There are 2 protein chains.
Amino acid sequence: MNIGDVAALSGLPAKTIRYYEDVGLVKPLRSTNGYRTFRESDAHKLAFLGRSRALGFSIEDCRNLIALYEDEKRASAEVKDIAEQHLERIDDKIAELKEMRATLVHLVDACAGDHRPDCPILADLATKHRGEEQLKNTAL
Amino acid sequence: MNIGDVAALSGLPAKTIRYYEDVGLVKPLRSTNGYRTFRESDAHKLAFLGRSRALGFSIEDCRNLIALYEDEKRASAEVKDIAEQHLERIDDKIAELKEMRATLVHLVDACAGDHRPDCPILADLATKHRGEEQLKNTAL
DNA sequence: GCTTGACCTTCCAGTTGGTGGAAGCCCTAG
DNA sequence: CTAGGGCTTCCACCAACTGGAAGGTCAAGC
């Protein structure tokens, strides 16, 4: 299979697949004309990568997940560990975004949004909130 | 004021402040020894930037927000517009993360996390989910 | 008067995960 | 034999910094 074929199969852009080879996630063969040649196992791995990335795993996580996937003697605890750490990062990110959201909703609601210059949003941004602490204490 | 002083005042690292100068967000003066000299208004602007960035506004948004802030004849509608667009981006991001989270929680729950190699997480990642559509259809 | 250390300067490189584009082979169909 | 599409490499760029090296400046202490 050429790169276009695996791209179609995996749903990943050819550029991305080349990038994955660059960072060592796939190691396709080369045919005599210099073209990459992908085996079934490579196509499979790329699908795995696509799915893992869609779930937000980092490239490093993907590297580890693939290593575990290929290790018959893995302990599922190792996989679960990676997933749980990722879950924690996601939860942190969601919490952070919700904090921002709460503040923004509050400000947007307070702003008339008309032709006049008076704006509670700008007023808030211009206000000293000591350190960055105020954000951490914002109610969700 | 030297850069260290505004850094302490604004809570921003000196490196970040230099970067903000690079991208034209602040324009401190220079004293004869080459040191940046920040006026009160610069310190104020940096605090504004710190707060805006903490709320997740992009550098480009910040540029526009500061321009509006300094424009006495602004319409608050313009500010509100920027904030609402940002809010929308945040909502999209939260929705995306929640989708990932739901899938991950499901998978983590299903995984024994012991010494055995059997792992529903890997099994899922290795499964073909046609296109990338499956994720968009995942229940929140 | 000299050294030490804190502060300041610039510039270059790296981060994450790709994406865009240019220049140039390769291959097949008409 | 030429046109097209697919493939190759390499280089640059995105956001928003961050780290580090090499070196200038300044105030205090001995």
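Since this is a predicted model, take the numbers as computed values, not measurements.
- When each of B:R18, B:E21, B:K45 is paired with B:P28, the side-chain contact (heavy atoms from CB on, under 4.5 Å) condition holds for B:E21 and for no other.
- The residue A:Y20 sits close only to the backbone: its heavy atoms come under 4.0 Å of sugar-phosphate atoms, none of a base.
- No donor-acceptor pair under 3.5 Å is formed between the side chain of B:R116 and the backbone N or O of A:S76.
- Side-chain to base pairing of A:K15 with C:dG21: one donor and one acceptor N or O lie within less than 3.5 Å of each other.
- If you check every strand for non-hydrogen atoms under 4.0 Å, A:R18 touches a base.
- If you take CG of B:D5 and P of C:dC8, they are 7 Å apart, rounded to a whole angstrom.
- Scanning for side chain to side chain donor-acceptor pair (under 3.5 Å) contacts around B:N2 gives an empty result, with sequence neighbours left out.
- In the set C:dT19, C:dG17, C:dC8, C:dT19 carries the atom at the smallest distance from any side-chain atom of A:P13.
- Spacing between atom CD1 of B:I3 and atom P of D:dT25 amounts to 17 Å, rounded to whole angstrom units.
- Regarding B:I17, its CD1 atom lies at a distance of 11 Å from the P atom of D:dT18, rounded to whole Å.
- Between B:L65 and B:V79 there is a side-chain heavy-atom pair separated by less than 4.5 Å.
- Atoms OH (A:Y19) and P (D:dC13) sit 18 Å apart, rounded to a whole Å.
- Between the CG atom of B:N2 and the P atom of C:dC8 there is a distance of 5 Å, given to the nearest Å.
- Annotation: the terminal axes of the helix from C:dG1-D:dC30 to C:dG30-D:dC1 meet at 30°, where each axis is the rotation carrying the C1' atoms of four end pairs onto the next four (5 pairs per end, rounded to 10°).
- Between B:R51 and A:D124, at least one side-chain N (NZ, or NE/NH1/NH2) sits under 4.0 Å from a carboxylate O, which counts as a salt bridge.
- Taken residue by residue, residues 23-35 of chain B places heavy atoms nearer than 4.0 Å to DNA chain D at B:N33, B:Y35.
- The aromatic rings of B:H86 and B:F57 sit tilted relative to each other, their planes meeting at an angle between 30° and 60°.
- Rounding to whole angstrom units, CG of residue B:L49 and P of D:dA15 are separated by 16 Å.
- Between the side chain of B:R63 and the backbone N or O of B:V23, at least one donor-acceptor pair lies under 3.5 Å.
- A 4.5 Å side-chain heavy-atom check between A:K27 and A:Y20 finds every atom pair outside the cut-off.
- OP1 or OP2 of C:dT16 has not a single side-chain nitrogen or oxygen of A:S58 nearer than 4.0 Å.
- Taking atom CG of B:D22 as the reference point, atom C1' of D:dA15 lies 14 Å away to the nearest angstrom.
- Checking C:dT10, D:dT18, D:dA16 against the side-chain heavy atoms of B:R36 singles out C:dT10 as nearest.
- If you take CE on A:M1 and CG on A:L29, they are separated by 11.0 Å, rounding to the nearest 0.5 Å.
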